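What follows is one structure encoded as structure tokens, with my remarks underneath.
What you see is a predicted model, and the numbers here were worked out from it, not measured in a lab. Residue numbers count from 1 along this sequence.
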Amino acid sequence: HFSPNTRTKESPLNPPLPAAEADMAVHHLLRRGISGGSPLHPLRGLLLVSQELGWRQASSAAAGDAVAELRGAREDVKQLLKEKSCHPILVRLGWHDAGTYDKNISEWPQCGGANGSLRFEIELKHAANAGLVNALKLIQAIKDKYAGVTYADLFQLASATAVEEAGGPKIPMIYGRVDVSAPDQCPPEGRLPAAGPPSPAEHLREVFYRMGLNDKEIVALSGAHTLGRSRPERSGWGKPETKYTKNGPGAPGGQSWTSQWLKFDNSYFKGCQRTTRRGPSSSAY
């Protein structure tokens, strides 16, 4: 699974940091975000706590409110997953908000990444984001309920929670991402992978090297296709429905890469092995 966060030992949902002073700084960041520059490395999620140490500290009440909102949002996302079986599209939402990152651009928000820009219509209309307006509609009520949680944090929280609830690992998270404020801060179209490029390996390297990922990480990220389905009206790939998708769960239809497309496991890679041995017809369901 790709997560635009470094797997760390500490997070507000899995506390505490070892030093009380650092812990308070983190809660302070949760409340207001980091101002100026690039708030967080959008892919690795490196929280620059040390820059905050010694600055004014949030009250314990404010810190408690921030943690309570994050925990509340996480529980509401879990309930949403139970009701809607929307794990795949929430993973995709978090990935597509983060996947616009360009390591060659130092200025924020021009560098893209997990900054909540995907909530704006101009970016939702990018070809690679077809259908993600449905994900935004699903979690908007949670955002309205927990106004102190930024869109950027909520997208990543929802994505990581979806992986966990689908049977994947619990991903330690750090929060404090800052939202862009206007549509003109959205990244240009074309930073995400295209469906069916003529030279897939070359295309994937072009896209993901720009983010700072290597070949091994590209392969690991691709394993997220164990979840979800492709819909021809969105990506131009796949069948309108198969025996595994015609009745849902969730919205029916589409073509999955695995037979159990709401289960997070290594089935996608097993399918890739079958494709190598038997040909492309064995790789999708």
Exercise. If you look at every heavy atom in L262 and P88, which pair is closest and at what distance?
Worked result: CD2-CD, 3.5 Å

Problem set entry | N115 side chain to Y151 side chain, donor-acceptor N/O pair below 3.5 angstrom | no

For this session: Using atom types as modelled and distance alone, determine if a side-chain donor or acceptor of D153 lies under 3.5 Å from a backbone N or O of G176.
Result: yes

For this session: Identify the heavy atoms of V180 and R119 that sit nearest to each other, and give their distance.
Result: O-NH2, 2.7 Å

Problem set entry | Reported CD-to-CG distance for the pair Q110 and N104, which is rounded to 0.5 angstrom | 14.0 Å

Seminar exercise, completed: The reported gap from CG in N134 to CG in L90 (rounded to nearest 0.5 angstrom) is 11.0 Å

Exercise. Backbone N or O of S181 within a donor-acceptor pair of the Q185 side chain at under 3.5 Å?
Worked result: yes

Exercise. What are the two closest non-hydrogen atoms of L118 and N129, and how far apart are they?
Worked result: CD1-ND2, 3.4 Å

Problem set entry | Chi angles and distances behind the side chain to side chain contact (heavy atoms under 4.5 Å, CB included) call for T226, N266 | CA-CA 7 Å; T226 195; N266 67 347; over 6 Å; no

For this session: Please collect all salt bridge (Lys or Arg N to Asp or Glu O under 4.0 Å) contacts where either partner lies in residues 77-93, sequence neighbours excluded, each pair once.
Result: E75-K78

Exercise. Are V149 and L157 side-chain neighbours, meaning at least one heavy-atom pair lies under 4.5 Å?
Worked result: no

Exercise. Can E69 and R74 be counted as an ion pair, charged N to O under 4.0 angstrom?
Worked result: no

Problem set entry | Contacts of type side-chain hydrogen bond (donor to acceptor under 3.5 Å, both in side chains), residue Y244, not counting sequence neighbours | none

For this session: Kindly determine whether T161 and L81 satisfy side chain to side chain contact (heavy atoms under 4.5 Å, CB included), including the steps that lead there.
Result: CA-CA 9 Å; T161 303; L81 292 166; 4.2 Å; yes

For this session: Using a 4.5 Å cut-off on heavy atoms from C-beta on, say whether the side chain of Q260 contacts that of S267.
Result: no

Problem set entry | V219 side chain near F269 side chain, heavy-atom distance below 4.5 Å | yes

Exercise. If you round to the nearest 0.5 Å, how far is NZ of K263 from NE2 of H87?
Worked result: 13.5 Å

For this session: Work out which heavy atom in D97 is nearest to a heavy atom in G116; give both atom names and the distance.
Result: OD2-N, 2.9 Å

Exercise. Taking atom CG of L136 and atom CG of L132, what is their separation to the nearest 0.5 Å?
Worked result: 9.0 Å

For this session: Take K103 and M211, measure what side chain to side chain contact (heavy atoms under 4.5 Å, CB included) needs, and give me the verdict at the end.
Result: CA-CA 5 Å; K103 68 179 179 64; M211 303 180 199; over 6 Å; no

For this session: For residues T100 and L192, report the shortest heavy-atom separation together with the two atoms involved.
Result: N-CD2, 4.3 Å

For this session: Indicate yes or no: at least one non-hydrogen side-chain atom of P252 is less than 4.5 angstrom from one of T245.
Result: no

For this session: With sequence neighbours excluded, give me every ring-ring contact (aromatic ring centres under 6.0 Å, His included) pair touching residues 194-226.
Result: W95-F208, H225-W257, H225-Y268

Exercise. Which atom pair, heavy atoms only, marks the closest approach of A114 to Q156?
Worked result: CB-NE2, 3.7 Å

Exercise. Do any N or O atoms from the side chain of Y146 and from the backbone of G72 form a donor-acceptor pair under 3.5 angstrom?
Worked result: yes

Seminar exercise, completed: When rounded to the nearest 0.5 Å, the distance separating OG1 of T242 from CZ of R229 is 9.0 Å

Exercise. Charged N to carboxylate O below 4.0 Å: is that the case for R210 and E206?
Worked result: no

Exercise. Just wondering, do P249 and W261 contact through their side chains at under 4.5 Å, heavy atoms?
Worked result: yes

Exercise. When rounded to the nearest 0.5 angstrom, what distance separates CD1 in I171 from OG in S159?
Worked result: 7.0 Å

Exercise. Are I105 and V207 in one and the same hydrophobic cluster, where Ile, Leu, Val, Met, Phe, Trp and Tyr link if side-chain heavy atoms are under 4.5 Å apart?
Worked result: no

Exercise. More than 12 foreign heavy atoms under 6.0 Å from CD of E121: is that the case here?
Worked result: no

Exercise. Should E217 and L221 count as side-chain neighbours, where that means a heavy-atom distance under 4.5 Å?
Worked result: no

For this session: Examine distances only and state if a side-chain atom of S256 and a backbone atom of G228 form a donor-acceptor pair shorter than 3.5 Å.
Result: no

Exercise. Side-chain contact, heavy-atom cut-off 4.5 Å: T150 with V178?
Worked result: no

